[in-house]
2 protein chains.
Amino acid sequence: MAAHAGVSRQTVSNALNAPQRLTAPTLARVRAAIDELGYVPDEAARALTSRRTRLIGIHIGPTAHSHASTPEPLLAEFVRAAARHGFRLVVLGSFGDDAGQIAAFDDVWRRRAVDGVILTDTHTDDARPAWLRERGVPFAAFGRPWGAPDSPHPWIDVDGHGGAWLAVDHLASSGHSRIAFLGWGHDEAGGDDRERGWLEAMTTRGLDARPHAHASGDTVVAGAERAAELLERWRPTAVVCASDTLAAGVVRAADRRGIAVGSDLAVTGYDDSPLARLTHPELTSLTQPFAAVADFLVDHVVMASGIEVPDPPPRTRVAEPTLVVRGSTGGVRAGALSF
Amino acid sequence: MAAHAGVSRQTVSNALNAPQRLTAPTLARVRAAIDELGYVPDEAARALTSRRTRLIGIHIGPTAHSHASTPEPLLAEFVRAAARHGFRLVVLGSFGDDAGQIAAFDDVWRRRAVDGVILTDTHTDDARPAWLRERGVPFAAFGRPWGAPDSPHPWIDVDGHGGAWLAVDHLASSGHSRIAFLGWGHDEAGGDDRERGWLEAMTTRGLDARPHAHASGDTVVAGAERAAELLERWRPTAVVCASDTLAAGVVRAADRRGIAVGSDLAVTGYDDSPLARLTHPELTSLTQPFAAVADFLVDHVVMASGIEVPDPPPRTRVAEPTLVVRGSTGGVRAGALSF
DNA sequence: CTGAAAGCGCTTACAG
DNA sequence: CTGAAAGCGCTTACAG
């Protein structure tokens, strides 16, 4: 390779890692040779000498704290975002609790098998951030540090409050005023935040913010049960739900009563999961900005591992979801309204 | 580390990589020191010298050829199966076509960033196996080599034919005889195989195998449309579907006509996707043996990369799905019947 | 059965 | 601005 370009091995390395050190003609010559020979450096050798694997670890699958895991579209965005910096993703497995995840982090970190990790599904009393900080593992979290707002690590979260507000806005501007809320009960993570958004949007508009209920869990069956009572008692013309699952429950409950979703009753979901397109009519819902989330998290891990990134993100960020209008709110034309 | 155990560095290496070379007492002493110090070898150094990364590449996300991607539960099984051999998984991104995937394989292989790859979603005129074979990349495929049955690479597939047969068996033994089939039209991959299973099971039992229909696509809406015709024309007491999506369509069509699924009409899905638990009643379906699939594929890649595995699998295998009985076939008690 | 030597393929200081 | 040297932390032959 070096011989082919008529330069030394170090010059090739410089062309790849510190192009500013070479004169333009030399660089051009070396690059031409690189292209011609299809040369790419051996990752293991590069990792050994540079003390950098260009690998980021992440867990997948449901955790002990939430039904929400790393959905595949988000994983795909992580891969894309990492590739911008020449990084790849390593899947660390699916473990039910913090201790299991920490054990996996410990293993890969001591082997120097990754440059950092991404945390998802943060929760109250999360043991992971403190552990990672102590060990000096570069990391960033999807989800705010519930119960520890001053935690110094980088994180990004999606605005549940703002999303619910968007849903109320959409419904109110379509003429609805009896807008109920269905959540899945109290936890400190996402659910409450979404309920507060509904509450404030209603109050701000001077609408009756009493019609609300909590399902016994985030399932279709639990949602349908509670929806039946909610519909019976308050006769709402619209229901804002804290999840697509609960919204599907509302659709089922309405179907059973002969209430036509989309015309007699408007329903909004949340998360824009695959389920949102499986009900009839399809659910108006709130999409999470996965691409922005992935860029943010990857950039932070890459930065923390000692590499400069073009457009450094702030330490924390609350990103806005997007309302996707479908048939469940009478949307004739499907479209996206931005916040 | 070596000093702590009073042996040389090579003896530590032997204890880790070739324990049979050491005498029992030496091995015990070295292992004690390893545990005490929590020593684990640096992966980059190990990879450089052993020419082995212990990393396996895989694509995620939908492809150009199928709506079916690598579902998260399968990915989790891959991680578990790989860990048995000290391997990890690298996500190569989500690309729409063979060419995109091949480009990604080419990149990681030339960088020596993986020891091999796992292929999913095989299809007719699949360009990937031949490319990988030419380059000498260790690989194994989930899905038989459609259109090229004599392809010499290792593969595992799930028996669609046998699964449909299981469904018919289950229904017939519950007293059904007017059992219809709903598929998604002709393709050479999974769909036809499942239809043939229904056809043969029906014919073998001397039942009328005419009532069948093909939806215009594998969606709930398309399924509901075709189901309406099917129900109208043949008045079946049971419908075997080629997917959970189509089965959900049948449930919807039945609901609209006031036909009670589970008592008036039995419905079976296929794949046991999350959707199977979202309909009402929940769908009897066929579960894919993901753990066995993952073990098989990982073992083959590990073997092909030059490492012996305890219980070497055959080159090809057709694994049997398992019938999971739920409310849609009147299952009072949910349970699993093995093939 | 155990140890001293060589080397995996790069990058990182450091001379020229 | 470019090149010769050293070394990253292991494992793999090969001597003893």
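By convention in this document, chain letters (A, B, ...) are assigned in the order of the sequence lines, proteins followed by strands, and residues within each chain are numbered from 1. Below, each value reflects all heavy atoms present in this structure, side chains not excepted, and no hydrogens, waters or symmetry copies.
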* Asked: In terms of the nearest nucleotide of DNA chain C, which residue is placed more toward the 5' end: B/Arg112 or B/Thr23?
  ->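 Mapping each residue to its closest nucleotide by heavy atoms, the 5'-most match is B/Thr23.
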* Toward the 5' end of DNA chain C, which comes first, B/Thr49 or B/Thr11, by nearest nucleotide? ->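 Final value for this comparison: B/Thr11.
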* Interatomic spacing from CG in A/Asp157 to CZ in A/Phe296 - rounded to 0.5 Å -> 10.5 Å
* Return one dot-bracket line describing DNA chain D 5' to 3' (Watson-Crick or G-U wobble pairs, both distances under 3.5 Å; ( ) same strand, [ ] crossing, | another strand, . none). => |||.||||||||.|||
What residues, two or more places apart in sequence or in another chain, satisfy ring-ring contact (aromatic ring centres under 6.0 Å, His included) together with [X]?
{"X": "B/Phe78", "value": "none"}
{"X": "A/His59", "value": "A/Phe95, A/Phe105"}
{"X": "A/Phe290", "value": "none"}

* To do: Please tell me if the side chains of A/Arg110 and B/Pro41 come closer than 4.5 Å, counting only heavy atoms from C-beta onward.
  => no
* Are side-chain heavy atoms of A/Asp295 and A/Glu77 found at a separation under 4.5 Å? ->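 No, too far: nothing below the 4.5 Å cut-off.
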* To do: Go through the structure and list residues passing salt bridge (charged side-chain N to carboxylate O under 4.0 Å, His left out) with A/Arg88, not counting sequence neighbours.
  => A/Glu43, B/Asp107
* Asked: Earliest and latest nucleotide of DNA chain C, 5' to 3', sitting under 4.0 Å from a non-hydrogen atom of chain A?
  -> C/dG9 to C/dT12
* To do: Taking A/Asp159 for its side chain and A/Val318 for its backbone only, find out whether a donor-acceptor pair lies under 3.5 Å.
  =>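 No: the side chain of A/Asp159 does not pair with the backbone of A/Val318.
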* Answer with base, sugar-phosphate or nothing: what part of the nucleic acid does B/Arg51 contact at a heavy-atom distance below 4.0 Å? => sugar-phosphate
